[in-house]
There are 2 protein chains.
Amino acid sequence: MTPCPVETTLQLISSRWKVLIIRDLLEGTKRFGELRKSIGPVTQKVLTANLRAMEEDGLLTRKVYAEVPPRVEYTLTELGYSLHPILASMSRWGKAYQQMDIHQAR
Amino acid sequence: MTPCPVETTLQLISSRWKVLIIRDLLEGTKRFGELRKSIGPVTQKVLTANLRAMEEDGLLTRKVYAEVPPRVEYTLTELGYSLHPILASMSRWGKAYQQMDIHQAR
DNA sequence: CGGTATCCAAGGGGATACTG
DNA sequence: CAGTATCCCCTTGGATACCG
């Protein structure tokens, strides 16, 4: 039997940071430091852990350049890029939500 | 300044269970016990907590019937229902992913 | 620069028992 | 039936220091 597709998707992207990593990498390849800045208040350790997990899952690739100082670039794979419609619908919803008044009551 | 729409969305639905609650309520109003069964291995406490939070956020409504035994029904609000495109894209992606071979290596 | 290595905090979540 | 009330655990994430 096949599990619920929604749950399957959640297993790959349900973490506080993964979705934001994808959001930023959709713009193109980024270095570790760039990601760290654009994502927000995430520590090195946590960002690294999330990136490694996503690499394991085949969502992105990690390329290390043998330079000094070192450079490491992260790029979405096709699989990772294919998540783009989900991000797009989340962005649309968030935008609409921000323009509503309802949520301002809280 | 307005925050990133994706982050805004995440704040409302980023929890292991909320997305599944929405998935199930998209089919229509459900009772507490029904939800518990259809969602999977979630405890009463956790399910209740998530439902209350979502009620707070205006994603669903809670209706209590003064009966014995008691009956409590949960229904998505328009706002909650408007999340449907996000769920749909997640479902599509998960389905495609399940049909790939890549992920089976892990 | 882009990491590990530790140590620690928080909270989401789980198990069980009890109640209106 | 649909909840509270406890108690506990474990994962995720944070702070800091050090390394190649």
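Sequence lines set the chain letters: A, B, ... in the order given, protein chains first and strands last, and positions in each chain run from 1.
The interatomic distance linking A/L51 (CG) with C/dT4 (P) rounds to 10 Å, in whole Å. If you measure from atom CZ of A/R52 to atom C1' of D/dG13, you get 17 Å, rounded to the nearest angstrom. In this entry the distance linking CD of B/Q44 with P of C/dG14 reads 13 Å, nearest Å. A straight line from CG of B/L47 to C1' of C/dT16 spans 17 Å, rounded to a whole angstrom.
The end-to-end axis angle of the helix from C/dC1-D/dG20 to C/dG20-D/dC1, rounded to 10 degrees and based on five pairs per end, is 50°.
A/F32 and A/Y65 fall into different hydrophobic clusters, where Ile, Leu, Val, Met, Phe, Trp and Tyr are joined by side-chain heavy atoms under 4.5 Å apart, directly or via other members.
A donor-acceptor distance shorter than 3.5 angstrom exists from the side chain of B/T77 to the backbone of B/L59, with no hydrogens or angles considered.
Side-chain contact annotation: B/Q98 with A/T8, donor-acceptor N/O pair under 3.5 Å present.
For the contact set between residues 27-40 of chain B and DNA chain C, defined by any heavy atom under 4.0 Å, there are no members. Less than 4.0 Å separates DNA chain C from at least one heavy atom of each of the following residues of residues 64-71 of chain A: A/P69, A/P70.
Residue B/E67 qualifies as enclosed at atom CD: its count of foreign heavy atoms under 6.0 Å is above 12.
Ion pairing between B/E34 and B/R36 fails under the 4.0 Å rule for side-chain N and carboxylate O.
Taking both residues in full, the closest heavy atoms of A/R16 and B/L10 are given as O-CD1, 4.5 Å, listed atom of the first, atom of the second, then distance.
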Identify all pairs in which a protein N or O lies below 3.5 Å from an N or O of nucleotides 10-13 of chain C, and state each distance.
| residue | atom | partner | partner atom | Å |
| --- | --- | --- | --- | --- |
| C/dG13 | OP1 | B/R16 | N | 3.3 |
| C/dG13 | O6 | B/K45 | NZ | 3.2 |

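Checking A/I39, A/L35, A/V42, A/I21 one by one against A/N50, the side chain to side chain contact (heavy atoms under 4.5 Å, CB included) holds for a single residue, A/I21.
Between A/D24 and A/K30, some side-chain heavy-atom pair lies under the 4.5 Å cut-off. Counting heavy atoms from C-beta outward, B/T29 and B/L25 have side chains that stay 4.5 Å or more apart. Using a 4.5 Å heavy-atom threshold, the side chains of B/R92 and A/P85 count as separate. At a threshold of 4.5 Å between non-hydrogen side-chain atoms, the residues B/L76 and B/T61 do not count as touching.
Residues meeting the ring-ring contact (aromatic ring centres under 6.0 Å, His included) test with A/W17, sequence neighbours left out: none. Residues satisfying the side chain to side chain donor-acceptor pair (under 3.5 Å) test with B/R23, not counting sequence neighbours, are A/E7.
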